[in-house]
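This report refers to the structure that appears directly beneath it.
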Amino acid sequence: MKIYTCLVSGQEFISDAKKINEDVPGMLWVETANATEGGVSVDTGGGNAFGGGADEDVDDAEETKLDHFWQFPELENEITFKNFKAFRKDYYIYFVNACKRLMKEGKVPDESKDTLKDNLKLAMEWIKENFDSLQFFSIPTYVDTYDEYPDEEGDGSVFGANMMMLLYNEEGARCYFVKGAFNVMKV
């Protein structure tokens with residue numbers, strides 16, 4: 001199996017446990033669907049003979065969410081942007097800067113080096129075109145200071161981590177990601 005981790009944060013975003021599609025220029029995407037977990041009845045088999053009763057504290061609540069969030073719970077942080085301009089200014093510029101810096105330092109996988117710059121542009125066009133239909137999710141600190149990448153003054157650079165863009169349409173729910181903006185680990 002292959003695990004795709006963010007170039008900047010190292011956080012896992014997708015895996016090839018699901019089919020990864022590449023038919024949208026500059027993007028990767030996977031299908032996602034609602035899944036329910038929890039809600040299991042707990043029966044020790046002894047009835048109330050061991051002091052248990054109807055008021056026992058058992059978490060038997062069901063929770064329904066997209067299966068991608070069950071697999072990658074760190075991504076369950078929704079981020080909202082007022083408009084595309086705010087998305088570009090408050091996030092995407094930091095993500096692009098991170099990718100450029102990592103390309104310059106040779107920290108982008110060989111298979112992505114030649115295409116990442118174009119994919120960032122194509123992805124931005126696709127995001128702009130679909131902005132009003134997208135929901136955005138990432139790690140809690142999706143824009144953060146990374147001390148391991150100091151700027152000219154020696155301070156940590158402010159970079160954006162990768163982001164998942166969720167689109168519901170007639171085909172269902174799909175999670176989109178910028179193609180080539182990942183390290184791929186085989187496990």
_I'd like to know if E22 and K179 make a salt bridge, using a cut-off of under 4.0 Å between side-chain N and carboxylate O._
yes
Name every donor-acceptor pair, under 3.5 Å, that has one atom in a side chain of residues 120-129 and the other anywhere in the protein, sequence neighbours excluded.
none

Using 0.5 Å steps for rounding, measure from the [atom1] atom of [X] to the [atom2] atom of [Y].
{"X": "I14", "Y": "L75", "atom1": "CD1", "atom2": "CG", "result": "10.0 Å"}
{"X": "F72", "Y": "Q11", "atom1": "CZ", "atom2": "CD", "result": "9.5 Å"}
{"X": "Y94", "Y": "K89", "atom1": "OH", "atom2": "NZ", "result": "7.5 Å"}
{"X": "M103", "Y": "E105", "atom1": "CE", "atom2": "CD", "result": "11.5 Å"}
{"X": "C175", "Y": "Q71", "atom1": "SG", "atom2": "CD", "result": "9.0 Å"}
{"X": "N183", "Y": "E12", "atom1": "CG", "atom2": "CD", "result": "12.0 Å"}

*asked:* Are W70 and F177 connected into the same hydrophobic cluster when the rule is that any two of I, L, V, M, F, W, Y join if their side-chain heavy atoms are below 4.5 Å apart?
replied: no
_Quick check on K117: does its NZ atom have over 12 non-hydrogen neighbours (other residues, nucleotides or ligands) under 6.0 Å away?_
no
*Please step through side-chain contact (heavy atoms from CB on, under 4.5 Å) for the pair L134 and F84, ending with a clear verdict.*
CA-CA 11 Å; L134 295 173; F84 178 74; over 6 Å; no
Heavy-atom closest pair, residues [X] and [Y]:
{"X": "P109", "Y": "L7", "answer": "CD-CD2, 3.8 Å"}
{"X": "L116", "Y": "C99", "answer": "CD2-CB, 3.9 Å"}
{"X": "V30", "Y": "K19", "answer": "CG1-O, 3.5 Å"}
{"X": "Y4", "Y": "D16", "answer": "CE1-N, 4.4 Å"}
{"X": "S9", "Y": "F13", "answer": "OG-CE1, 4.5 Å"}

Report yes or no: does [X] contribute a side-chain atom to a donor-acceptor pair with the main-chain N or O of [Y] at less than 3.5 Å?
{"X": "H68", "Y": "E76", "value": "no"}
{"X": "N21", "Y": "D23", "value": "no"}
{"X": "D67", "Y": "A35", "value": "no"}

Which donor-acceptor pairs under 3.5 Å do the side chains of residues 148-166 make with protein atoms, sequence neighbours left out?
from, atom 1, to, atom 2, distance (Å)
D151, OD1, E153, N, 3.0
D151, OD1, G154, N, 3.1
D151, OD1, D155, N, 2.9
S157, OG, R101, NH1, 3.3
S157, OG, Y149, O, 2.5
N162, ND2, A181, O, 3.0

*Who pairs with F81 by ring pair (Phe, Tyr, Trp, His ring centres under 6.0 Å), at least two apart in sequence or on another chain?*
F87, F136
*Partners passing ring pair (Phe, Tyr, Trp, His ring centres under 6.0 Å) against F69 (at least two apart in sequence or in another chain)*: F137
Any side-chain heavy atom of [X] sitting closer than 4.5 Å to one from [Y]?
{"X": "V178", "Y": "F95", "value": "yes"}
{"X": "E31", "Y": "W29", "value": "yes"}
{"X": "S112", "Y": "F182", "value": "no"}
{"X": "I79", "Y": "S138", "value": "yes"}

*In the hydrophobic clustering that connects Ile, Leu, Val, Met, Phe, Trp and Tyr at side-chain heavy-atom distances below 4.5 Å, which members other than M185 occupy its cluster, ordered by chain and number?*
M1, I3, V187
Name each donor-acceptor pair under 3.5 Å that joins a side chain in residues 139-146 to protein atoms two or more places apart or in another chain, with its distance.
none

